[in-house]
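Heavy-atom basis, side chains included; hydrogens, waters and symmetry copies ignored. Note that this is a predicted model, so its numbers are computed, not measured.
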Amino acid sequence: MSSLKEICSGLPLDPLPPNRGRDPNVPHAPIRTPNLTAEEERLALRNSLRYFPPCHHATLAPEFAKELRQYGHIYMYRFCPTLRMRAYPIDQYPCRTRQAASIMLMIMNNLDPAVAQFPQELVTYGGNGQVFSNWAQFCLVMHYLSEMTEEQTLVMYSGHPMGLFPSLPSSPRAIITNGMVIPNYSSRNQYEKMFALGVSMYGQMTAGSYCYIGPQGIVHGTMLTVLNAGRRYLGSDDMSGRVFVTSGLGGMSGAQAKAAVIAGCIGVIAEVDEAPLRKRHEQGWLMEVTSNMDHCIKRIREAKSSKTPLSMGFHGNIVDLWERLLLEYERTGELLVDLGSDQTSLHNPYNGGYYPVQLSFRQANQLMMTDPKRFITMVQESLRRHVKAINNLSEAGMFFWDYGNAFLLEAQRAGAEVEKVGGGATEFRYPSYVQHIMGDIFSLGFGPFRWVCTSGDPQDLSVTDNIAATVLEEISANVSDRVKQQYNDNIRWIREAGKHDMVVGSQARILYSDQKGRVCIALAINQAIADGRVSAPVVISRDHHDVSGTDSPFRETSNVYDGSAFCADMAVQNFVGDAFRGATWVSLHNGGGVGWGEVMNGGFGLLLDGSEEAAKRARLMLNWDVSNGVARRCWSGNTNAYDTIQATMQENEQLRVTMPFPVQDEQVLDRALQG
């Protein structure tokens, strides 16, 4: 078995490691169908061989060609390390700067088999959210990071390490871009070709930015969504006896089961692939698993009657489950479901993100490879059935929302009845969870803030949990009623987080916080490192799905109504602004969440090491990282954002934001346009 030192020594070339091929004991990504021409195949092979001296080409070319034709991509399995991938304590990484070591730790966490969806294909979550395009890139990146000084920056082009370039100690140690394709060529078909050629990559959100923390990263947001959906749709904080039906237990969607139980309701989650079902059950995130529909319905009735929190995985297709729930309603008049959503990976509908109800899991995987056109037709037929059942249950009283996974967008493209009469370009029959449930908290500056204890010590995580809770409790004593509910939800969350056993991979935590909370928590943790109460540095980060990080007209910015929902200035400005305000690394991605060509998003990592310099960086960068998005939302006409940025300007005299004047008399517009 290789060691960290060997992993960081560069590409193993003398001798070449044995080609062990694919490990049958881990799940693998669906076979891709890039439909390359003969010349494009030749180019893909030529591109892959650029990483190796010519003396190895005769050995590597045939196996790379076989991978391309057999799997639709050249992953370079030969160079997949034998060392167990996980977040090793930061002091174990051979390096010249701890900033580089923190990036190495986060990369290896993203590829940990307990965390990653398809570890050997370097996919962290979402079916195609890549960390790198191939294993040669991983080897080179780890080597560069181990050699890096604090006067160099690693430049990453869609998984490819362009190299170390001279920079300043205040500069980011890594600048990452993924999928930066000329807009007119940012189509799904072009992506498949570019990925097969090894020239571009879909980094999802936190896969390609090295900031994923396992499904816990979305548990809290999902819990808040379910709680706020209960408040909005059911008129109650009490979720006991309420049934939430959804689908997906892979990467991000794996959070749904745990979130449902923490919220106090009955979560029933359909999943066609047995591997993630088994994984979530073994991790304790799913309480029960069944493939028997009758048993599933029976358990829903029992849990609903006893008002017992339950997370149950149904091994089967979500369309079958929705249609059975509709049948039960038609037979008995009993509506067994209160809330519904969907987290299939519909940003990637035709390559394993959505499985049509007409086929078994195995049949679908076969058909998407042998007859892609027929597979597309079947996916669209399945989506129409999917929506029809949801529509009928909604008319009976169920409340459904889109979870930002492109469900309604792809359903519309499939011809399903999801149109909203008189709706705008980003509106459908059902709201996005951002539009109805979570959007206003972005306007208040609240979003998913997270940190990773690089010691790997659970005690450090416990200490930081307590620090965060104490900080929020102090701030919440002096906030408006409008934000107090958000603070109370998050204080409850962080006080109870340890007992829910949510750590998968790195010792990490997430909570939703506003600008002041994020800054104060970061500074308090940094001080605890300086005092020795926390034993090693801490990486702070966030999901790209946040106040400022993402321009996504069908998700994060779906409640922006001034015509700018399809503009991406905010995400790009955020990436640039974080870079020169102190981030340790920054990333900017095409795609993520809703899919390739539909989103621009970015993120950051910042290492807190207990120094005054780290405190200065955290204060400056985190303030910008939130205020940017609140200012944009304010300018679009959001009154919550207006009030939030006004209050922020009063606290910081250096902040000056252009404020909008509303049109108070609509007749002014009428008269002007009639003239």
Side-chain angles (χ1 to χ4, degrees), residues 1-2 6-7 11-13 15-34 36 41 44-45 47-49 51-52 56 59-86 107-142 159 192 195-198 201-202 204 207 250-251 272-279 282 345 348 351-353 355 360-370 372:
M1 182 175 286
S2 53
E6 289 172 313
I7 279 180
L11 275 167
L13 299 174
L16 289 172
N19 183 14
R20 296 176 301 278
R22 303 216 307 184
D23 181 352
N25 298 312
V26 298
H28 290 282
I31 294 168
R32 296 178 175 276
T33 52
L36 301 182
E41 280 191 335
L45 191 57
N47 286 348
S48 69
L49 292 172
Y51 290 102
F52 308 96
H56 295 300
T59 301
L60 297 176
E63 71 185 57
F64 288 174
K66 183 179 179 182
E67 284 184 21
L68 181 62
R69 288 174 171 167
Q70 193 167 351
Y71 306 121
H73 187 74
I74 300 171
Y75 296 105
M76 307 185 187
Y77 291 113
R78 177 191 287 267
F79 297 96
C80 178
T82 56
L83 179 69
R84 162 68 196 270
M85 287 285 171
R86 68 177 182 88
I107 287 171
M108 291 191 71
N109 186 67
N110 271 23
L111 294 170
D112 182 341
V115 173
Q117 188 177 11
F118 305 122
Q120 279 206 303
E121 286 75 45
L122 303 109
V123 172
T124 300
Y125 71 94
N128 61 351
Q130 303 283 149
V131 186
F132 303 108
S133 180
N134 59 59
W135 285 103
Q137 293 173 348
F138 168 83
C139 294
L140 286 172
V141 165
M142 295 297 281
E192 291 294 343
F195 182 60
L197 291 173
M201 189 182 88
Y202 184 68
Q204 257 290 356
V272 293
D273 186 355
E274 189 178 5
L277 259 172
R278 188 170 60 247
K279 183 176 182 177
E282 289 170 355
S345 294
N348 182 34
N351 197 40
Y355 284 81
S360 70
F361 181 65
R362 182 173 293 181
Q363 288 170 336
N365 280 326
Q366 185 69 24
L367 188 65
M368 74 176 76
M369 178 177 60
T370 58

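The CE atom of Met369 lies 14.5 Å from the CZ atom of Arg32; values are rounded to the nearest 0.5 Å. A distance of 6.0 Å separates OG1 of Thr33 from CD of Glu192, quoted to the nearest 0.5 Å. With rounding to the nearest 0.5 Å, the separation of CE in Met76 from CG in Leu122 is 10.5 Å.
Looking at every heavy atom in both residues, His56 comes nearest to Leu16 through ND1-CD1, 3.5 Å. Summarising the geometry of Ala44 relative to Ala196, their closest heavy-atom pair is CB-O, 3.5 Å, with the distance given to 0.1 Å. When all heavy atoms of Gln120 and Asp23 are compared, the closest pair comes out as OE1-N, 2.5 Å. Shown here for Pro113 and Pro119, the closest heavy-atom pair between the two residues is CA-CG, 4.1 Å. Between Leu11 and Cys139, the shortest heavy-atom contact is CD2-CB, 3.9 Å. The minimum heavy-atom distance linking Pro12 with Pro17 is given by the pair O-CD, 3.3 Å.
In terms of the side-chain hydrogen bond (donor to acceptor under 3.5 Å, both in side chains) criterion, residue partners of Glu63 (sequence neighbours excluded) are, by chain and number, Arg78. Every residue two or more places apart in sequence or in another chain was checked for a side-chain hydrogen bond (donor to acceptor under 3.5 Å, both in side chains) with Asn110, and none qualifies. Looking at residues two or more places apart in sequence or on another chain, you find a ring-ring contact (aromatic ring centres under 6.0 Å, His included) between Tyr75 and His73, Tyr77. Contacts of Glu67 classified as salt bridge (charged side-chain N to carboxylate O under 4.0 Å, His left out), with partners at least two apart in sequence or in another chain: none. Take Asn109 and apply the side chain to side chain contact (heavy atoms under 4.5 Å, CB included) test, not counting sequence neighbours, and it matches Ala87, Val115, Ser506. Residues passing the side-chain hydrogen bond (donor to acceptor under 3.5 Å, both in side chains) test with Tyr71: none are found, sequence neighbours excluded. Residues meeting the ring-ring contact (aromatic ring centres under 6.0 Å, His included) test with Phe52, sequence neighbours left out: Phe64, Phe79. Evaluation of the salt bridge (charged side-chain N to carboxylate O under 4.0 Å, His left out) rule for Arg69 yields Glu41 as partners, not counting sequence neighbours. The side-chain hydrogen bond (donor to acceptor under 3.5 Å, both in side chains) search around Gln363 returns Ser360, not counting sequence neighbours. Applying the side chain to side chain contact (heavy atoms under 4.5 Å, CB included) rule to Pro81 yields the partners Ser2, Ile7, Met85, Trp135, Phe138; only residues at least two apart in sequence or on another chain are considered. A search for side chain to side chain contact (heavy atoms under 4.5 Å, CB included) contacts involving Asn47 returns Leu43, Arg50, Leu197, Val199, not counting sequence neighbours.
For the pair Gln117 (side chain) and Gly126 (backbone), a donor-acceptor distance under 3.5 Å is present. Side-chain N or O atoms of Arg20 include one that pairs as donor or acceptor with a backbone N or O of Cys80 at under 3.5 Å.
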Handout entry: Phe118/Asn128 under side-chain contact (heavy atoms from CB on, under 4.5 Å): CA gap, chis, key distance, verdict
Key = CA-CA 9 Å; Phe118 305 122; Asn128 61 351; over 6 Å; no

Problem - Ile74/Asn134 under side-chain contact (heavy atoms from CB on, under 4.5 Å): CA gap, chis, key distance, verdict - result: CA-CA 7 Å; Ile74 300 171; Asn134 59 59; 5.7 Å; no

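For an aromatic pair to be called close, the ring centres must be under 6.0 Å apart, and Phe195 with Tyr202 fails this.
The salt bridge (Lys or Arg N to Asp or Glu O under 4.0 Å) pairs that include a residue from residues 112-136 are Arg22-Glu121, Arg84-Asp112, where partners are two or more places apart or lie in different chains.
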